[in-house]
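Here, residue 1 is the first one in the sequence, and each next residue gets the next number. Whatever order the structure lists ligands and atoms in, that order sets their numbers, starting from 1.
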Amino acid sequence: MEFESVIGLEVHAQLKTRTKIFCNCSTAFGAPPNTHTCPVCLGMPGVLPVLNKKVVEYAIRMAIATNCTIARESRFARKNYFYPDLPKGYQISQYELPIAEFGYIDIEQNGNKKRIGITRIHIEEDAGKLTHDPNRPVSMVDFNRTGVPLIEIVSEPDIRSPEEAGAYLRHLHSVVRYLDICDGNMEEGSFRCDANVSVMLKGSETFGTRAELKNLNSFKHVEKAIYFETERQKDIVLDGGEVIQETRLWDPAKSVTTSIRTKEDAHDYRYFPDPDLLPLVVDDDWVDRVKATLPELPDARMKRFVREFSLPPYDAGVLTSSREIADYFEDCLKVFPEPKQVSNWVMGSLLGLLNAEGKSIEDSPIPAHDLGALLKLMDEDVINGRMAKTVFEKMAQTGKTPKTIIKEDGLVQVTDASAIEAIVSEVLARSPKEIEDYKNGKTRVIGFFVGQVMKATKGKANPKIVNEILKDKLSC
Ligand code: ADP
Ligand code: MG
Ligand code: ZN
């Protein structure tokens, strides 16, 4: 029996507003507990919420970027439940009438395009944060996060594998970052994802019962958790059992999911329209004004990179995966306008280095104009490719400019033909056997000669000139 997994993701993105959604407390992360609070976000009796306009603007930005239909009138609702991190006893969210619906994004994986439907985007407030002290029988609550604005982006159950889920999530992440509406920090929880997972026989039209997975705080964990859960459900079905609808917690240390509660249904929350908030009206004019401020989005930027710079789509995809990488690449081009060469160095050397050190491009030890300058020096034959690699590594370690490193280390390439010729003659003089081999048709010994010359010059000879002189001498 062949199975297929069916996956729908619910993504919560914390919006980068200065103040909370219904009061003017700060949203800044990391302040001492309970210092960013007021009667409104503490849920005191008699207070009234006032909607932050920026929150709506950011939700509209996301709705446009994900091809949603924006509701001209949406509503806030109360989702009622008790938990110690929710002082009002209800969360203000949107239910029957969300701000946006019926969108999609296109993802690409190994050259295959796929459209993933977005069911809805709604606006809601975050809850507080509980910490459980392992050494004392107490739990602590911090209300700094209550009332921080969120948008929830709910996908259709269109996703069919852990890798597809990863691709969808990375794409959404890149969109919120391009839009500058969310800082995307998964560890601090400003970009969080719950995954709904079920299995069915391949080709079936009827979905199985889903489990909702929580605590997925990195792209890798989302994929691993979905993979584990799919296998778990398959085993249940193969054993003749039945999957039950429940909420499960991913344990990153053990790489398993465990049940935390059977799944509640929407009616359990007794949703009803919040009588303290007016319907939210968004007119065409407002949407048009927001549209006019949208930056170039990842898909459009990728297409432009292919068109304008003649880059392979793969390169363009990697380079536009984040706004910062794309900006870095374009900044390098300002100094050295050779797109494919710059792309090779950014994707290969730079991203490789950053990955190895777990850094993102904003923390690159090498600024874009310095990388451009390095490639320019190589292009002008001041240094050769091998030296460029050495200089690159030193730049990464010291943060110095390529010119400084070249000067300090005396790394200037030898391009003086007569100097190179003398060394070539020396090498040939002590290699009669290899010359013999060469004359007998083993032309690949040329590599041996080049290697010897490079060794004698400590890698500083211009390889092009070395090759020319060698061929010249060997042909007589
Ligand atoms: P809830 O609030 O109960 O989690 P939502 O409507 O907010 O419900 O989200 C449901 C999510 O579950 C959506 O992303 C949807 O695509 C997904 N989903 C629904 N049915 C299935 C299923 N059988 N298998 C996997 N995912 C599903
Ligand atoms: Mg939900
Ligand atoms: Zn407040």
Practice problem: Quick one: the SG of Cys25, the Zn ion (ligand 3), SG of Cys38 angle, rounded to 10°, please. | Solution: 100°
If you round to the nearest 0.5 Å, how far is [atom2] of [Y] from [atom1] of [X]?
| X | Y | atom1 | atom2 | answer |
| --- | --- | --- | --- | --- |
| Phe143 | Leu86 | CZ | CG | 8.5 Å |
| Leu150 | Leu15 | CG | CG | 7.0 Å |
| Arg248 | Asp194 | CZ | CG | 14.5 Å |

Enumerated ligand 1 atoms positioned under 4.0 Å from heavy atoms of [X]:
| X | value |
| --- | --- |
| Val6 | 24 (N), 25 (C) |
| Ser198 | 22 (C), 23 (N), 24 (N), 25 (C) |
| Gly208 | 23 (N) |
| Glu156 | 16 (O) |

Quiz item: Quick one: is the NZ or CZ of Lys389 closer than 6.0 Å to the six-membered ring centre of Phe392, and within 45° of its axis?
Solution: no
Exercise. Determine, considering heavy atoms only, which of Ser93, Ser155, Ser5 sits nearest to atom 14 (O) of ligand 1.
Key: Ser155
Quiz prompt | The one among Ile7, Asn196, Thr206, Asp265 that brings a heavy atom closest to atom 11 (C) of ligand 1 | solution = Asn196
Does only the side chain of [X] get under 4.0 Å from ligand 1, or the backbone, or both, or neither? Count heavy atoms.
| X | answer |
| --- | --- |
| Glu212 | side chain |
| Val154 | side chain |
| Leu9 | backbone |

Quiz item: Between Arg192 (side chain) and Ser190 (backbone), is there a donor-acceptor pair under 3.5 Å?
Solution: no
Quiz item: Does Asp284 come within less than 4.0 Å of Arg72, counting only side-chain N to carboxylate O?
Solution: yes
Self-check item: Cys23 backbone or side-chain N/O/S under 2.8 Å from the Zn ion (ligand 3)
Solution: yes
Quiz item: Does the side chain of Leu297 come within less than 4.5 Å of Leu179's, by heavy atoms?
Solution: yes
Quiz item: Aromatic ring centroids of Tyr269 and Tyr95 under 6.0 Å?
Solution: no
